[in-house]
Enquirer: 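My questions will all concern the structure given below.
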Amino acid sequence: QVQLQESGGGSVQSGGSLKLSCAASGDTRCMAWFRQAPGKEREGVASIDSDGGTNYADSVKGRFTISEENAKNTLYLQMNSLNSEDTAMYYCAFVSGRLYGAEWSRPSWYTYWGQGTQVTVSS
């Protein structure tokens, strides 16, 4: 059983930065950040696997960085140059197996989810 708990969300002005954290209990393999805005589908933001390989959505490349601290079993998402399009509930997710290609961005592949943390960017 894996439990995930996000933190670090909040309100920020356009151009600002936030850093999200996700504390994981239990063994982890592939972890990811997703987000969901009102009326929209949940979308993959970034993922990192046990080998350190990362994936990013095109909309966040160059602005967001996913990382993990294994000793603390914590996943991070550094978000820079935020804009109103980034406003959403952000979730961390975990799957025990390895994902290939675009699978990382599909919510159905993930087994465990956190409760989410709200990010609001005002212009």
Side-chain angles (χ1 to χ4, degrees):
Q1 184 78 12
V2 175
Q3 293 183 328
L4 305 173
Q5 181 62 57
E6 304 96 336
S7 62
S11 297
V12 65
Q13 289 191 329
S14 182
S17 299
L18 282 173
K19 186 173 185 177
L20 306 183
S21 300
C22 175
S25 65
D27 194 16
T28 60
R29 290 294 179 263
C30 181
M31 296 188 72
W33 288 98
F34 283 77
R35 66 186 181 187
Q36 188 167 18
K40 294 188 177 181
E41 294 185 353
R42 190 167 296 190
E43 63 171 350
V45 175
S47 73
I48 186 166
D49 62 31
S50 56
D51 297 328
T54 58
N55 293 286
Y56 293 93
D58 288 343
S59 59
V60 306
K61 281 181 181 176
R63 300 189 298 123
F64 290 11
T65 303
I66 189 171
S67 62
E68 61 180 351
E69 188 171 354
N70 290 329
K72 294 185 178 181
N73 232 17
T74 303
L75 179 72
Y76 301 101
L77 185 68
Q78 176 67 47
M79 306 186 293
N80 299 327
S81 302
L82 287 162
N83 58 60
S84 58
E85 297 292 310
D86 298 316
T87 295
M89 184 73 78
Y90 283 71
Y91 301 89
C92 64
F94 157 78
V95 61
S96 61
R98 188 177 181 89
L99 300 181
Y100 299 90
E103 290 176 345
W104 75 269
S105 65
R106 296 171 186 161
S108 59
W109 283 102
Y110 292 82
T111 309
Y112 298 99
W113 292 84
Q115 294 298 308
T117 185
Q118 178 67 37
V119 171
T120 302
V121 184
S122 58
S123 56

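Predicted model, so just to flag it, every value in this text is computed and none were measured. Both backbone and side-chain heavy atoms feed into the values below; hydrogens, waters and symmetry mates do not.
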Enquirer: Tabulate below the donor-acceptor pairs under 3.5 Å that side-chain atoms of residues 32-49 make, not counting sequence neighbours, or state none.
Expert:
unit_1 : atom_1 : unit_2 : atom_2 : d
Trp33  : NE1    : Tyr76  : O      : 3.2
Arg35  : NE     : Glu43  : OE2    : 2.6
Arg35  : NH1    : Asp86  : OD1    : 2.9
Arg35  : NH1    : Tyr90  : OH     : 2.9
Arg35  : NH2    : Glu43  : OE2    : 3.3
Arg35  : NH2    : Ser59  : OG     : 3.4
Gln36  : OE1    : Arg42  : NE     : 3.2
Gln36  : OE1    : Arg42  : NH2    : 3.3
Gln36  : NE2    : Lys40  : O      : 3.1
Ser47  : OG     : Asn55  : ND2    : 3.2
Asp49  : OD1    : Asp51  : N      : 2.9
Asp49  : OD1    : Gly52  : N      : 3.0
Asp49  : OD1    : Gly53  : N      : 2.9

Enquirer: Any non-hydrogen side-chain atom of Trp104 less than 4.5 Å from a side-chain atom of Tyr110?
Expert: yes
Enquirer: Can I get a per-line list of side-chain donor-acceptor pairs under 3.5 Å for residues 111-123, giving both atom names and the distance, sequence neighbours left out?
Expert:
unit_1 : atom_1 : unit_2 : atom_2 : d
Thr117 : OG1    : Gly9   : N      : 3.1
Gln118 : NE2    : Ala88  : O      : 3.4
Gln118 : NE2    : Thr120 : OG1    : 3.4

Enquirer: With Asn80, which residues qualify under side-chain hydrogen bond (donor to acceptor under 3.5 Å, both in side chains), at least two apart?
Expert: Ser17, Gln78
Enquirer: Taking only residues two or more places apart in sequence or in another chain, which ones pass side-chain hydrogen bond (donor to acceptor under 3.5 Å, both in side chains) with Glu85?
Expert: none
Enquirer: For the atom pair CD1 (Ile66) and CG (Leu20), what is the distance rounded to the nearest 0.5 Å?
Expert: 10.5 Å
Enquirer: Rounded to the nearest 0.5 Å, what's the gap from SG on Cys92 to CD on Glu68? Could you check?
Expert: 12.0 Å
Enquirer: Decide side chain to side chain contact (heavy atoms under 4.5 Å, CB included) for Met79 and Val12; before the verdict, give the C-alpha distance in whole Å, the side-chain angles of both, and the deciding distance to 0.1 Å.
Expert: CA-CA 11 Å; Met79 306 186 293; Val12 65; over 6 Å; no
Enquirer: Of all residues at least two apart in sequence or in a different chain, which pass the side-chain hydrogen bond (donor to acceptor under 3.5 Å, both in side chains) check with Ser81?
Expert: none
Enquirer: Are side-chain heavy atoms of Leu4 and Tyr91 found at a separation under 4.5 Å?
Expert: no
Enquirer: Atom CG in Leu77, atom CE in Met31: separation rounded to 0.5 Å?
Expert: 11.5 Å
Enquirer: Holding to side-chain hydrogen bond (donor to acceptor under 3.5 Å, both in side chains), I want the full list of residues that pass it with Gln5, two or more places apart in sequence or in another chain.
Expert: none
Enquirer: So how far is it from Ser21 OG to Leu75 CG, rounded to the nearest 0.5 Å?
Expert: 8.5 Å
